[in-house]
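Data first, discussion second: the structure below is written as structure tokens.
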Amino acid sequence: NRPADLEYNTFAHTLPGQQVRSFTTSLPFRLTGAQKKAFEEISKDMCDPSPMNRLLQGDVGSGKTVIAAAAAGIAAANAHQTAILAPTSILAEQHLLSLRQLLPQAAGVPAESIRLLIGATPAGEKEEIRAGLQDGSLRVVIGTHALLEDPVVFQRLGLAVIDEQHRFGVAQRAALRAKGQSPNLLVMTATPIPRSLALTVFGDLDLSLIEQMPPNRQQVQTQVMRPVERPRAHQFIRSQLEHGRQAFI
């Protein structure tokens, strides 16, 4: 038996088969087998009367965001709101762009009901977003630590998603979840975590793995250089810039 404070005060989600088919067929790409498995595991959790506690692990580019979008679509179909917490403004903005591309067609969530709340959001817009979350007109909000502030009140938070979960403390994760009545929790990470360690550190979380990269991904090469090879690394960067490519240090 789960503790009383983890029980739903509302109801379990429902997931009509037509909704699943509509979501997957409307995507501009095909889900990999690993993504389908993660989607099935999360869908099953969200349809259970007990709130979901799941860790989604997958390398950068493996497609974790589309699974989070699918979960947000399930929540929206059941008249629940979704909050997505990201550690940086840049990542939050990337999630906003992705979800505004995916959710309107795949889950029928209007783009205007998906908003961004970060520290740099103008004061007037912050008030508008807070009002929309409180009256339920906004279905999805993506943000940084600004989501954890006391003025942010949800009408019916059903799903809390935390990206790069290792960048947040236990108290911060609890603060987001406390804004709902034991909402479903999905935490995501690109950090490889051995199953034995995951069971030890994240013993309260079920684990979903996306071990398969989408097809036609650009090949990634990783090289490690010693400090004495720094000039060689700089020369490599210069050569890439001369070919019109970009570099990040």
Side-chain angles (χ1 to χ4, degrees), residues 15 19-20 22-43 45-46 52-77 80-111 113-118 138-144 147 157-168 173 176 183-193 205-218 220 248:
L15 184 61
Q19 181 183 346
V20 175
S22 175
F23 184 89
T24 55
T25 57
S26 62
L27 293 174
F29 48 83
R30 296 183 62 181
L31 294 179
T32 64
Q35 286 175 315
K36 290 179 180 177
K37 181 180 178 182
F39 184 18
E40 291 172 358
E41 292 171 342
I42 290 170
S43 301
D45 281 357
M46 295 184 69
M52 173 174 67
N53 289 277
R54 187 166 288 275
L55 169 65
L56 179 61
Q57 176 187 319
D59 201 357
V60 174
S62 63
K64 296 186 297 296
T65 300
V66 69
I67 302 304
I74 295 173
H80 281 80
Q81 296 166 299
T82 296
I84 300 178
L85 181 62
T88 66
S89 298
I90 292 178
L91 185 55
E93 291 169 358
Q94 290 176 340
H95 284 322
L96 176 72
L97 294 175
S98 297
L99 267 63
R100 280 186 168 175
Q101 290 176 345
L102 293 171
L103 287 178
Q105 183 175 354
V109 179
S113 71
I114 306 171
R115 300 293 295 271
L116 177 72
L117 181 61
I118 59 178
L138 294 185
R139 313 300 292 275
V140 180
V141 62
I142 305 106
T144 54
L147 284 179
L157 180 63
L159 174 65
V161 180
I162 301 176
D163 196 9
E164 295 195 17
Q165 56 82 30
H166 59 280
R167 303 280 292 273
F168 297 96
R173 294 196 291 267
L176 179 61
N184 292 292
L185 176 66
L186 177 66
V187 296
M188 304 191 298
T189 183
T191 304
I193 303 174
L205 298 172
D206 296 312
L207 181 61
S208 288
L209 298 176
I210 302 182
E211 302 171 297
Q212 179 183 8
M213 296 294 285
N216 303 320
R217 298 290 297 184
Q218 183 176 356
V220 177
F248 175 80

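Taking both residues in full, the closest heavy atoms of Ala69 and Leu103 are given as O-CD2, 3.2 Å, listed atom of the first, atom of the second, then distance. Scanning all heavy atoms of the two residues, the minimum distance from Ile210 to Ala38 falls at CG1-CB, 4.3 Å. The nearest pair of heavy atoms linking Leu186 to Ala68 is CD2-CA, 4.3 Å. Heavy-atom minimum distance, Ala75 versus Met46: N-CE, 4.0 Å. Summarising the geometry of Ala92 relative to Ile118, their closest heavy-atom pair is CB-CG2, 4.3 Å, with the distance given to 0.1 Å. Considering every non-hydrogen atom in both Pro87 and Asp163, the closest pair reads CD-O, 3.7 Å.
With rounding to the nearest 0.5 Å, the separation of OG1 in Thr32 from CD in Glu211 is 10.5 Å. With rounding to the nearest 0.5 Å, the separation of CE in Met188 from NE2 in His95 is 5.0 Å. Taken from OG1 in Thr65 to CG in Leu99, the straight-line distance is 7.5 Å, to the nearest 0.5 Å. Here the CG-CG distance, from Leu91 to Leu96, works out to 11.5 Å after rounding to the nearest 0.5 Å. To the nearest 0.5 Å, atom CG of residue Leu85 and atom CG of residue Leu117 are 10.5 Å apart. A distance of 11.5 Å separates CD1 of Ile67 from CZ of Arg54, quoted to the nearest 0.5 Å.
Using a 4.5 Å heavy-atom cutoff, the side chains of His80 and Leu159 are not in contact. Counting heavy atoms from C-beta outward, Ile162 and Leu185 have side chains that approach closer than 4.5 Å.
No more than 12 heavy atoms of other residues, nucleotides or ligands shown are found within 6.0 angstrom of CD on Gln105. Atom CD1 of Ile90 sits in a sparse spot, with 12 or fewer heavy atoms from other residues, nucleotides or ligands closer than 6.0 Å.
Here Glu164 pairs with Arg167 under the side-chain hydrogen bond (donor to acceptor under 3.5 Å, both in side chains) rule; sequence neighbours left out. Partners of Arg100 by salt bridge (charged side-chain N to carboxylate O under 4.0 Å, His left out), not counting sequence neighbours: none found.
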Would you sort out whether Glu41 and Leu56 count as a side chain to side chain contact (heavy atoms under 4.5 Å, CB included), showing the intermediate values? CA-CA 10 Å; Glu41 292 171 342; Leu56 179 61; over 6 Å; no

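Counting only distance, with no hydrogens or angles, the side chain of Gln81 and the backbone of Leu138 share a donor-acceptor pair below 3.5 Å. With Asn184 contributing its side chain and Gly158 its backbone, the two residues share a donor-acceptor pair below 3.5 Å.
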